[in-house]
Peer 1: 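Before I ask anything, let me first share the structure, which is written out below as structure tokens.
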Amino acid sequence: MTTDTDTTAAKPKKTPQQKALSLIKTILIYGLMFAVIYTAVNWWRQPVMPANPQLQLTDYQGQSIDLAALSNDKPALVYFWGTWCPVCRVTSPTIDTLAAASDYPVVTIAIQSGSDQTLHSYLSEHKYRFTTINDQEGEIFADWQGQVTPSYVILKEGEMAQGLTGIQPLWSLKLRLWLSSVF
């Protein structure tokens with residue numbers, strides 16, 4: 001008479017190579033799922049260029065900014081942010097580095113961040129040198145159907161080439177600007 005334990009085959013143990021391959025496969029699957037979900041959410045939350053956008057703006061110091069003209073020779077980055085935004089505290093230094101490199105025009109729009117003097121104090125305190133438009137009431141951001149900060153728009157020849165949101169590393173922004181200049 002045989003018992004169940006006698007007829008059941010023992011599971012073969014995985015070798016270290018098989019364990020490593022299984023772990024890599026799992027990481028790749030979850031990484032791909034994250035990338036797909038992140039891209040979908042980013043696409044859904046991105047700003048949308050208005051039918052008749054106001055591209056002639058004035059920065060908080062009274063200087064005229066023509067976003068269409070800025071984006072004629074090279075793509076221009078428009079960065080929507082706020083002094084009150086915790087994520088923007090992470091992304092704004094990256095934007096300042098990008099603006100200082102002068103490879104591409106960068107214009108930032110500070111949303112509901114107080115008076116021009118308050119904004120100036122904040123920019124000075126953080127040593128930000130980027131060009132900033134003060135959207136005190138959030139009307140510009142609303143016109144672009146902005147949902148979250150930070151948000152970014154890449155303009156090429158006065159038209160929106162790309163829109164994105166969230167934390168973006170410097171290499172990603174440079175790559176997106178370069179791709180917009182090529183295509």
Side-chain angles (χ1 to χ4, degrees), residues 42-85 87-170 172-183:
N42 191 36
W43 176 82
W44 177 69
R45 298 184 323 170
Q46 74 180 346
V48 177
M49 188 168 191
N52 295 309
Q54 173 65 328
L55 298 178
Q56 303 280 332
L57 301 168
T58 304
D59 73 5
Y60 79 98
Q61 296 174 316
Q63 300 295 314
S64 294
I65 307 291
D66 185 346
L67 294 175
L70 278 177
S71 67
N72 277 340
D73 294 332
K74 293 180 176 181
L77 179 72
V78 180
Y79 169 61
F80 294 96
W81 65 288
T83 57
W84 44 266
C85 166
V87 178
C88 300
R89 291 186 193 117
V90 174
T91 58
S92 291
T94 301
I95 300 304
D96 193 55
T97 300
L98 184 63
S102 300
D103 294 333
Y104 298 96
V106 175
V107 175
T108 75
I109 299 177
I111 306 154
Q112 297 175 336
S113 294
S115 68
D116 289 344
Q117 182 57 42
T118 302
L119 181 59
H120 177 73
S121 296
Y122 182 88
L123 294 169
S124 295
E125 177 185 333
H126 291 87
K127 298 179 176 61
Y128 294 144
R129 301 156 294 186
F130 44 64
T131 301
T132 304
I133 294 161
N134 191 2
D135 186 12
Q136 289 186 36
E137 303 301 319
E139 294 169 358
I140 299 169
F141 193 52
D143 197 30
W144 283 81
Q145 298 176 33
Q147 296 182 36
V148 296
T149 55
S151 289
Y152 314 79
V153 169
I154 295 176
L155 293 176
K156 181 179 179 180
E157 298 172 0
E159 295 295 324
M160 184 172 158
Q162 294 183 48
L164 49 152
T165 61
I167 295 175
Q168 297 295 323
L170 183 60
S172 172
L173 293 170
K174 285 183 174 184
L175 177 63
R176 289 170 182 274
L177 286 160
W178 177 78
L179 287 171
S180 293
S181 68
V182 174
F183 297 105

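Values in this document were obtained by computation on a predicted structure and should not be read as measured data. Numbering of residues begins at 1 and proceeds along the displayed sequence.
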Peer 1: Test: salt bridge (Lys or Arg N to Asp or Glu O under 4.0 Å). Region: residues 129-151. Which pairs qualify, not counting sequence neighbours?
Peer 2: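 Every pair satisfying salt bridge (Lys or Arg N to Asp or Glu O under 4.0 Å) with a residue in residues 129-151: D96-R129.
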
Peer 1: Return the CD1 to OG distance between I154 and S181, rounded to the nearest 0.5 Å.
Peer 2: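 Rounded to the nearest 0.5 Å, the CD1-OG separation comes to 9.5 Å.
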
Peer 1: Is the F130 ring parallel, tilted or perpendicular to the Y79 ring (thresholds 30°, 60°)?
Peer 2: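 Correct class here is perpendicular.
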
Peer 1: Between L164 and P47, which heavy-atom pair has the shortest distance, and what is it?
Peer 2: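 Smallest interatomic distance, heavy atoms only, reads O-CD, 4.0 Å.
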
Peer 1: Could you pull out the closest heavy-atom pair between T94 and Q168, with the gap in Å?
Peer 2: CG2-O, 4.0 Å

Peer 1: Would you compute the distance between atom OG1 of T149 and atom CZ of R45 and round it to the nearest 0.5 angstrom?
Peer 2: 9.5 Å

Peer 1: Return the minimal non-hydrogen interatomic distance between W44 and Q147, and the atom names on each side.
Peer 2: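 Shortest heavy-atom separation between W44 and Q147 comes out as O-NE2, 3.4 Å.
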
Peer 1: Which heavy-atom pair separates T83 from R89 by the least distance, and what is that distance?
Peer 2: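 Smallest interatomic distance, heavy atoms only, reads O-NH2, 3.6 Å.
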
Peer 1: Rounded to the nearest 0.5 Å, how far apart are CG of L98 and OG of S92?
Peer 2: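 Output value for this atom pair is 12.0 Å.
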
Peer 1: Between atom OH of Y128 and atom CG of L119, what is the distance when rounded to the nearest 0.5 Å?
Peer 2: 11.5 Å

Peer 1: What do the steps show when you test Y122 against H126 for side-chain contact (heavy atoms from CB on, under 4.5 Å), and what is the final call?
Peer 2: CA-CA 6 Å; Y122 182 88; H126 291 87; 3.2 Å; yes

Peer 1: Are more than 12 heavy atoms, taken from residues, nucleotides or ligands other than W84, located less than 6.0 Å from that residue's CH2 atom?
Peer 2: yes

Peer 1: Do I111 and F80 make a side-chain contact, defined as non-hydrogen atoms from C-beta onward lying under 4.5 Å apart?
Peer 2: yes

Peer 1: If every non-hydrogen atom of S180 is compared with every non-hydrogen atom of Q162, which pair is closest and at what distance?
Peer 2: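 That would be OG-NE2, 3.0 Å.
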
Peer 1: Can you tell me how far CZ of F141 sits from CD1 of I109, rounded to the nearest 0.5 angstrom?
Peer 2: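 If we round to the nearest 0.5 Å, I109:CD1 and F141:CZ are 9.5 Å apart.
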
Peer 1: Using distance only, find each side-chain donor-acceptor pair of residues 57-71 under 3.5 Å and give its atom names and separation, not counting sequence neighbours.
Peer 2:
from	atom 1	to	atom 2	distance (Å)
D59	OD1	Q61	N	2.9
D59	OD1	G62	N	2.9
D59	OD1	Q63	N	2.8
Y60	OH	H120	ND1	3.2
D66	OD1	Q56	NE2	3.1
D66	OD1	A68	N	3.2
D66	OD1	A69	N	3.2
D66	OD2	Q56	NE2	2.8
S71	OG	L67	O	3.2
S71	OG	A68	O	3.0
S71	OG	E157	N	3.3
S71	OG	G158	N	2.7

Peer 1: What is the distance from atom OG1 of T118 to atom CG of N134, rounded to the nearest 0.5 Å?
Peer 2: 8.5 Å

Peer 1: Where is the tightest heavy-atom contact between D103 and K74, given as atom of each residue plus distance?
Peer 2: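 Closest heavy-atom pair between D103 and K74: O-NZ, 2.7 Å.
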
Peer 1: Report the residues that fulfil side-chain hydrogen bond (donor to acceptor under 3.5 Å, both in side chains) with W144, sequence neighbours left out, ordered by chain and then residue number.
Peer 2: none

